[in-house]
Amino acid sequence: MPTTDSSGAKIHYQDTGNGKDVVLLLHAFPLHSGMWSRQIAALSPKYRVIAPDYPGLGKSTPRPEPSTMEFLAEQVLEVLGNVRVDRAIVVGLSMGGYLCFELHRRRPGLFRGLALCDTRPGADSPEGAAGREAFAKNALEKGLHWVADEMTPKLLRPHPDAAAVKEVRHLIGQGTPAGVAAAQRGMARRPDSTPTLAAIACPTLVVVGAEDTLTPPPEAEKMVAGIKGARLARIDGAGHLPNLENPAEFDRVLMEFAAGLPK
Ligand code: MLT
């Protein structure tokens with residue numbers, strides 16, 4: 001697993017698979033690139049797959065500053081520069097979707113296609129941002145067990161499989177409290193991406209778990225309406241992480257989208 005330096009921090013990323021066409025996978029909060037294990041297995045016979053970890057989540061070094069979307073976009077572009085990739089199918093889930101909006105503003109030419117999964121373009125309300133600050137402080141004081149207790153039920157469908165619960169808790173446990181706090185503080189500062197939805201001109205797929213309560217299907221429908229030509233895929237039997245709760249359907253939809261993209 002390669003790492004690279006950026007402003008003193010180590011960025012860990014997976015770079016695997018075969019083929020000239022690249023898929024960039026951007027993970028959700030408070031997980032890491034390991035949440036994509038099934039997609040990496042499905043994609044890698046045909047595609048090169050690049051999947052970074054945000055600071056303090058997975059194997060990337062934590063930093064005290066907020067993981068703003070601007071900072072994360074710079075890190076991702078630095079990784080892509082190092083591996084000489086200038087065009088990719090970009091897939092972002094939830095926080096990864098927030099990052100997609102920022103990446104697209106900075107480097108629209110990167111995008112062969114865009115898959116926005118279980119995400120929303122809007123910024124936080126003042127109450128939402130205050131809630132994230134409280135979460136960040138609690139994470140630093142109480143640790144990752146508390147984070148897993150708080151987040152796991154929100155990420156999965158109402159009656160999740162025990163194996164999914166175990167996997168999500170395990171992924172959360174591989175981060176750091178500092179990484180969780182930085183991500184919350186960075187998301188609290190994210191801009192409203194609604195005004196720039198109309199500038200997205202690449203083929204776009206919007207994916208949503210039918211039982212997602214954090215970014216529910218009506219949010220996805222609004223996003224589809226705001227992006228020219230966007231298509232919606234609803235994944236049954238899944239909450240906020242359809243890639244993990246119904247990977248067969250998620251992968252089918254993603255592979256079909258990728259295969260249909262113009263070169
Ligand atoms: C995520 O899954 O990345 C988070 O739920 C996003 C958020 O907290 O807004």
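In this text the structure is predicted, and so the values were computed from the model without any measurement. As the structure lists them, so they are numbered: ligands from 1, and atoms in each ligand from 1.
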S.K.: For the pair E167 and R38, find out whether any cationic side-chain nitrogen is under 4.0 Å from an anionic carboxylate oxygen.
M.R.: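 So E167 pairs with R38 through a salt bridge.
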S.K.: Identify whether the distance between the nearest side-chain nitrogen and carboxylate oxygen of K137 and E141 falls below 4.0 Å.
M.R.: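 The answer is no: the pair does not qualify as a salt bridge.
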S.K.: Please set out all donor-acceptor pairs under 3.5 angstrom arising from side-chain atoms of residues 239-250, sequence neighbours excluded.
M.R.:
residue, atom, partner, partner atom, Å
H240, ND1, D212, OD1, 3.2
H240, ND1, D212, OD2, 2.9
H240, ND1, T215, OG1, 3.3
H240, NE2, S94, OG, 2.9
N243, ND2, M35, O, 2.9
N243, ND2, Q39, OE1, 3.3
E245, OE1, R157, N, 3.0
E245, OE1, G239, N, 2.7
E245, OE2, R157, N, 3.3
N246, OD1, E249, N, 3.3
N246, ND2, D236, O, 2.8
E249, OE1, R252, NE, 3.1
E249, OE2, R252, NH2, 2.9

S.K.: Answer yes or no: is there an ion pair linking R106 with E74, defined by an N-O contact shorter than 4.0 Å?
M.R.: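 The answer is yes: the pair qualifies as a salt bridge.
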S.K.: What residues sit with at least one heavy atom under 4.0 Å from ligand 1?
M.R.: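 Residues within 4.0 Å of ligand 1: A28, F29, S94, M95, Y98, R132, L155, M187, L214, H240.
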S.K.: Could you tell me which residues satisfy side chain to side chain contact (heavy atoms under 4.5 Å, CB included) with A148, sequence neighbours excluded, listed by chain and number?
M.R.: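 T152, R169, I172.
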S.K.: What pairs meet the side-chain hydrogen bond (donor to acceptor under 3.5 Å, both in side chains) rule with one or both residues in residues 17-27, with sequence neighbours excluded?
M.R.: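 Found D21-K263.
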